[in-house]
2 protein chains.
Amino acid sequence: MNKPTILVIDDEVQIRKLLQITLENSEYNVLLAATAKDGLVAAANHKPDLILLDLGLPDKSGQEVLKVLREWFAQPVIILSVQSGEDDIVLALDNGANDYLVKPYRTGELLARIRSLIRRSVPGESSPVITVGQITIDLVLRVVKKDCEVLKLTATEYSLLALFAKNEGRVLTHHYLLREVWGESYVAQSQYLRVFIAQLRKKIENDPNRPAIIVTESRIGYRFKGNE
Amino acid sequence: MNKPTILVIDDEVQIRKLLQITLENSEYNVLLAATAKDGLVAAANHKPDLILLDLGLPDKSGQEVLKVLREWFAQPVIILSVQSGEDDIVLALDNGANDYLVKPYRTGELLARIRSLIRRSVPGESSPVITVGQITIDLVLRVVKKDCEVLKLTATEYSLLALFAKNEGRVLTHHYLLREVWGESYVAQSQYLRVFIAQLRKKIENDPNRPAIIVTESRIGYRFKGNE
DNA sequence: TGTCTTCTTTATAAAATCTTTATATCTGCT
DNA sequence: AGCAGATATAAAGATTTTATAAAGAAGACA
């Protein structure tokens, strides 16, 4: 459940800054580009979830950018422009824009239109399932299975296991685990970790006395071993 | 490829006429409705490819119509309204509108926005009847049955159940449920949720003391379990 | 106006989970 | 082997969360 990424292509630095702050406050990742060229490169490299495109770019017309973009970019594009002529709007929409806002626009409305487009742009998403050995974790459904059998985990146990599964094979330090699962102020509570690791092992290990999935790295942390 | 069908819901006869002519000239089939009630019926019967909805209807607020519609209608909805306030626009978009045009709008722009939405809309069908285990939910008629027997649910109970049914198997957090059913300002009222979950269980569970359909995920939320 | 339905609050019991404590076991080192 | 620090585990205790009934409030409707 990552934050969506939005690419802003606008040549005015103040607008870029303003949008960056606004969007980051609304829990988006923000990429910035000042020219058409940079914008297209950034779009290709980062595959943003949505693009905010200014029509008045120095190096290339925004309409051109839109056309080029639409040859491969399927995510939503919102045009921001000072041009309020109907011809511009119709052209942009027919070139593949999903929306067109005339500057100066209202921030709340822009955010609502972004929400609306992002909400609908998740068509064929396959629920990300992590499979490690006999353990299966469906992060969307929030279901953990061992050999097709559903396990009952508490919220904390689940966070811990999900964190391990996302870092299969890597050693996770006590400090890191405590900070990620319990929060910054619990980094000294190593005993928590021991208690919950024991509980998890009781539920997922074949022989909890000989842990094979969550192995302890003494004095450092724990490691989640999937296969071999 | 058939001509796309557009449903116009507006109480002013001149606007209906005008839109009908405009749209038919642009190769669309047009359906007309003058009230919220007729509009909802027409939407259910004809499954249009797009709806143009006026916010100022005599019998019911357009925002209400939108919410009810969105319980099962997945195709695009464009709001046409004399209201130009940001709050109205944001509310409509968050209620599921795909676009919002302030009257008087420009015809060319409206047509371009319609083209844009229809181009992008997936022909994917959304079955308006969900069956999960013994429970059947008709999202169009808003009727819930358990083993062919109609259950009497209040509006809130229905919204909650419909939301669950649309997300079968996945954990829905307290926060999410409260926001979707009651609205953003109620996200802290977890007690509501408990009360209504208890009421729902009394109505749909075989043994309300041992919930098998709506199971609680302590400290996280609830999960709607269909079969298995 | 009174009745009915539904929503909202309050109160309390029950359940689940988290936290702490106690003790046993392990690990690496001299 | 013996020690010290680190880890494992069970179980008691404390706290939070959940379930449920029921009372009060707010509307709808005739």
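Quick note on labels: first sequence line is chain A, next is B, and so on, each numbered from 1. The structure displayed is predicted, hence computed values, not measured ones.
Projected onto DNA chain D by closest heavy-atom contact, B:Glu217 and B:Gln199 fall at different nucleotides, the more 5' of which corresponds to B:Glu217.
Using cut-offs of 30° and 60° for the angle between ring planes, the B:Trp182 and B:Phe196 rings count as perpendicular. Using bins of under 30°, 30° to 60° and over 60° for the plane-to-plane angle, the ring pair A:Phe164/A:Tyr222 lands in the perpendicular bin.
Across all strands shown, B:Ser190 has no heavy atoms under 4.0 Å from either base or sugar-phosphate atoms.
The side chain to side chain contact (heavy atoms under 4.5 Å, CB included) test with B:Asp54 is passed by exactly one of B:Ile9, B:Asp11, B:Ile15: B:Asp11.
The existence of a salt bridge linking B:Glu71 and B:Arg142 is confirmed by a sub-4.0 Å separation between a basic side-chain nitrogen and an acidic carboxylate oxygen. In summary, A:Lys145 and A:Asp138 do not engage in a salt bridge, as defined by a charged side-chain N under 4.0 Å from a carboxylate O.
The salt bridge (charged side-chain N to carboxylate O under 4.0 Å, His left out) check on A:Arg106 picks up A:Glu109, with sequence neighbours excluded. Scanning for salt bridge (charged side-chain N to carboxylate O under 4.0 Å, His left out) contacts around B:Asp10 gives B:Lys103, with sequence neighbours left out. Scanning for side chain to side chain donor-acceptor pair (under 3.5 Å) contacts around B:Glu205 gives an empty result, with sequence neighbours left out. With sequence neighbours left out, the side-chain contact (heavy atoms from CB on, under 4.5 Å) criterion links B:Gln14 to B:Glu12. In terms of the side-chain contact (heavy atoms from CB on, under 4.5 Å) criterion, residue partners of A:Lys146 (sequence neighbours excluded) are, by chain and number, A:Gln134, A:Ile135, A:Leu151, A:Asn206.
Neither side chain, B:Asp49 nor B:Gln75, offers a donor N or O lying under 3.5 Å from an acceptor on the other.
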Report all side-chain donor-acceptor pairs from residues 28-35 of chain B shorter than 3.5 Å, counting only partners two or more places apart or in another chain.
unit_1: B:Asn29; atom_1: ND2; unit_2: B:Lys3; atom_2: O; d: 3.4
unit_1: B:Thr35; atom_1: OG1; unit_2: B:Asp38; atom_2: N; d: 3.1
unit_1: B:Thr35; atom_1: OG1; unit_2: B:Asp38; atom_2: OD2; d: 3.4

What donor-acceptor contacts under 3.5 angstrom involve side-chain atoms of residues 207-219 of chain B, with partners at least two apart or in another chain?
unit_1: B:Asp207; atom_1: OD1; unit_2: B:Asn209; atom_2: N; d: 3.0
unit_1: B:Glu217; atom_1: OE2; unit_2: B:Arg223; atom_2: NE; d: 3.1
unit_1: B:Glu217; atom_1: OE2; unit_2: B:Arg223; atom_2: NH2; d: 3.0

Using a 4.0 Å heavy-atom cut-off to protein, can you give one letter per nucleotide of nucleotides 21-30 of chain C, 5' to 3': B if the base is in contact, S if only the sugar-phosphate is, - if neither? BB--------

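Distance, B:Arg194 CZ to C:dA16 P: 15 Å, rounded to whole Å. As a whole-Å value, the separation of B:Tyr192 OH from C:dT6 P is 17 Å. Whole-Å rounding puts the B:Ile197 CD1 to C:dA15 C1' distance at 17 Å.
Of the possible donor and acceptor atoms, none in the side chain of B:Asn167 sits under 3.5 Å from a partner among the backbone N and O of B:Arg170. Using a distance-only test at 3.5 Å, with no hydrogens or angles considered, no donor-acceptor pair links the side chain of A:Lys225 to the main chain of A:Gly133.
Counting heavy atoms of neighbouring residues, nucleotides and ligands inside a 6.0 Å radius, atom NZ of B:Lys203 exceeds 12 of them.
Residues from residues 203-216 of chain B placing a heavy atom under 4.0 Å of any atom in DNA chain C do not occur. For DNA chain C, the neighbouring residues in residues 173-189 of chain B, judged by any heavy atom under 4.0 Å, are B:Trp182.
OP1 or OP2 of C:dT6 has at least one side-chain nitrogen or oxygen of B:Lys152 nearer than 4.0 Å. The phosphate of C:dC7 has OP1 or OP2 within less than 4.0 Å of a side-chain N or O from B:Thr154.
Taken over five-pair windows at either terminus, the axes of the helix from C:dT1-D:dA30 to C:dT30-D:dA1 are inclined to one another by 30° (rounded to 10 degrees).
Reading DNA chain D from its 5' end, the first and the last nucleotide to sit under 4.0 Å from a heavy atom of chain B are D:dT16 to D:dA21.
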